[in-house]
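Right, one structure below, let's go through it.
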Amino acid sequence: MKVRTRYAPSPTGEPHLGNIRTALYAWLLARHHGGTFILRIEDTDQKRQVGGGVEAQMSALRWLGLEWDEGPDVGGAFGPYVQSQRLEIYAQHADRLLRNDHAYLCYCSPERLEQVRHEQQARREPPRYDRFCRSLAPEQREDFEAQGLTPVIRFKTPLSGETATHDVLRGSVVFQNDTLDDFVLVKSDGYPTYHLAAIVDDHLMEITHVIRGEEWLPSAPRHFLVYRAFGWKPPLIAHVSRILGPDRAKLSKRHGAHSVLEYREQGYLPDAVINFLALLGWSLDDHTDIISRQTLVEHFDLKRLIPNPAVFNAEKLLWMNGVYIREMDADGLAAAVRPYLEDAIGGRVDMELLGRVIPLVRERIKLLNEIVDMADFFFTDGPLAYDVATLLGKKFAGRLEDALGALDRVIGRAEAVEVWTHEALEDAIRPLAEEAGVKAGDLFGLVRVAVTGKTATPPLFETMEVLGRETTLERLRSARARLAAAAG
RNA sequence: GCCCCCGUCGUCUAGAGGCCCAGGACGCCACCCUUUCAAGGUGGAGAUCGCGGGUUCGAAUCCCGCCGGGGGCACCA
């Protein structure tokens, strides 16, 4: 059997990590079996349409490399792939249920439904539709029609017995039918609800495996009943658990980014996000954490999915991103990091220079955007922004004259360096520490701030080498001048 | 209120009766390396396997009860 899976977002906003994880599992399953991955847009709620929602979903998938084989933009043999374009199909299927006596027209107003719910709650009963229209006399119906009321179509849920659903992660989950109510299949605006549209589409599109959020588990019996009413065989359904915030509540903005697109902006790598998300509820074995996309595709298996909710561990994602950054080749990393740099300095970056900077920063950044903090001074002209206190640091605090003297000697030695390499620079400058009676690290700290404006940087002499003779000397002299000015 | 799901180190997880007085990873601590920051190396702390009963020679693993957490109960998905 050919495996066909789908990611079926409703375009009400940008996709969050939970959404994308279901997309990832669906994609992995399809790719693992050489099957088909489908993108379907579930836009059946006219009130919740958000502009750009579809584009946001697509760009998230594209960024992560979860390419789809059939979908709104690429088409396919089972289209259209946008539910609002399939209204005719749902209407026909709703009609079929009506004729089979599996559904009925309901004329109850929202006000009446609201009232019924209120009364039930007052009586401490579960709020459910009271089935008022389930057995309407023909003349009553004509009366409602005459009043110009537009009905909804409701499913005729069995009043007794039980419905067994099957979930890939949990096995059989049984529901008593008397705890279910007659849910709406088609709204009064003619649009289907999820309970009709998703079932019809999954069947018509020959979906073999449905991967969706756990929040759907309570409505699974409805879906099984609809499949049965149509005489269809349900696909295998896997309800994936939720991703929780550190407080075990719903993941929200406070816990980092909400949209996966924000992770892209911050400089997370697609492979790292994929790897991390895959491991939230799935495992390869008992010891592997870094797993390539290819390995994921080769070994992904529904059997290793677990049903318990996972708390989002932002530190681990960050660590993993660092691992992937360190594994990137130099050109790739340079290209990835470039936009962040150009954005920060407001101009074009010299790629030849960047190429020499990369080896210095690669193992010092965990996020692409950290390139700015770590290396912007390589790309800026003009005076660096730091104050004298930072320049002096702890060791030279209150010892302006000593610092001035030390800097003078550093400048002298640096000027005398013939071949501008980090080895030559270190050979020239390191001995100065002993001569000046300070620890090498303290002297280097002074020079570091002078040359970079920062206290945490890549190794000093390599930095000076890449910066070049001219810039380095200019910055050293500038620092000297500031000290002299401070000394009066 | 009713229905459903879940419950192993702080977190992600391995574990499908003896290999587990519970393994790996992130984070944390210490030491090593070291010019800062990282990266790397070594070692360490950290879980009475939610609790209580069973079953069994033997249970994290099977059964029952309880507790805790989460989700659902729309003309939203």
For this session: Rounded to whole angstrom, note down the P distance from B:C21 over to B:G68.
Result: 32 Å
Exercise. How is A:Pro110 classified with respect to the nucleic acid when contacts are heavy atoms under 4.0 Å: base, sugar-phosphate, or nothing?
Worked result: base
For this session: Would you classify A:Arg448 as touching base, sugar-phosphate or nothing, given that sugar-phosphate means primed atoms plus P, OP1 and OP2, and contacts are heavy atoms under 4.0 Å?
Result: base
Exercise. So what does A:Pro221 touch, heavy atoms closer than 4.0 Å: a base, only the sugar-phosphate, or nothing?
Worked result: nothing
Exercise. Who is the Watson-Crick or G-U wobble partner of B:A16, with both distances under 3.5 Å?
Worked result: none
Exercise. Below 6.0 angstrom between ring centroids: does that apply to A:Phe132 and A:Tyr107?
Worked result: no
Exercise. Which part of the nucleic acid, if any, lies within reach of A:Thr457 when heavy atoms closer than 4.0 Å are counted: base, sugar-phosphate only, or nothing?
Worked result: base
Exercise. A:Pro127 near the nucleic acid: base, sugar-phosphate alone, or nothing, with a heavy-atom cut-off under 4.0 Å?
Worked result: base
Problem set entry | Rounded distance [0.5 Å steps], CZ in A:Arg21 versus CZ in A:Arg242 | 10.0 Å
Exercise. Is A:Lys47 touching bases, backbone alone, or none of the nucleic acid, heavy atoms closer than 4.0 Å?
Worked result: sugar-phosphate
For this session: Pick the P atom in B:G10 and in B:G46, then give their distance to the nearest Å.
Result: 11 Å
Problem set entry | Side-chain donor/acceptor contact of A:Thr179 with base of B:C3 under 3.5 Å | no
Problem set entry | Watson-Crick or G-U wobble partner of B:A30, both distances under 3.5 Å | B:U42
Exercise. Which base, if any, makes a Watson-Crick or G-U wobble pair with B:C2, both distances under 3.5 Å?
Worked result: B:G72
Exercise. Using purine N1 to pyrimidine N3 plus N6-O4 or O6-N4 for Watson-Crick, or N1-O2 and O6-N3 for G-U wobble, both under 3.5 Å, which nucleotide pairs with B:G65?
Worked result: B:C51
Exercise. Under 4.0 angstrom, heavy atoms only, what part of the nucleic acid is A:Thr288 near: base, sugar-phosphate, or nothing?
Worked result: nothing
Exercise. Do A:Tyr25 and A:Tyr7 have ring centroids that are under 6.0 Å from one another?
Worked result: no
Exercise. Is a donor-acceptor contact shorter than 3.5 angstrom present between the side chain of A:Arg364 and the base of B:C37?
Worked result: yes
Exercise. Contact class for A:Arg362 (heavy atom, under 4.0 Å): base, sugar-phosphate, or nothing?
Worked result: nothing
For this session: Sticking with atom C1', work out how far B:U35 lies from B:A30, rounded to a whole angstrom.
Result: 23 Å
Problem set entry | Ring geometry between A:Tyr129 and A:Tyr104 (parallel below 30°, tilted from 30 to 60°, perpendicular above 60°) | parallel
For this session: Write down the distance separating the P atoms in B:A45 and B:C5, rounded off to the nearest Å.
Result: 40 Å
Seminar exercise, completed: Partner of B:A25 under the Watson-Crick or G-U wobble criteria, both distances under 3.5 Å, comes out as B:U11
Exercise. How is A:Ala440 classified with respect to the nucleic acid when contacts are heavy atoms under 4.0 Å: base, sugar-phosphate, or nothing?
Worked result: nothing
Exercise. When you check the side-chain N and O atoms of A:Gln49 and A:Asp43, is any donor under 3.5 Å from an acceptor?
Worked result: no
For this session: Report yes or no: do A:Ser241 and A:Asn308 form a side-chain donor-acceptor pair below 3.5 Å?
Result: no
Problem set entry | Same-atom distance (C1') from B:C6 to B:G50, integer angstrom | 12 Å
For this session: Check every strand shown and say whether A:Arg242 touches a base, only sugar-phosphate, or nothing at a heavy-atom separation below 4.0 Å.
Result: sugar-phosphate
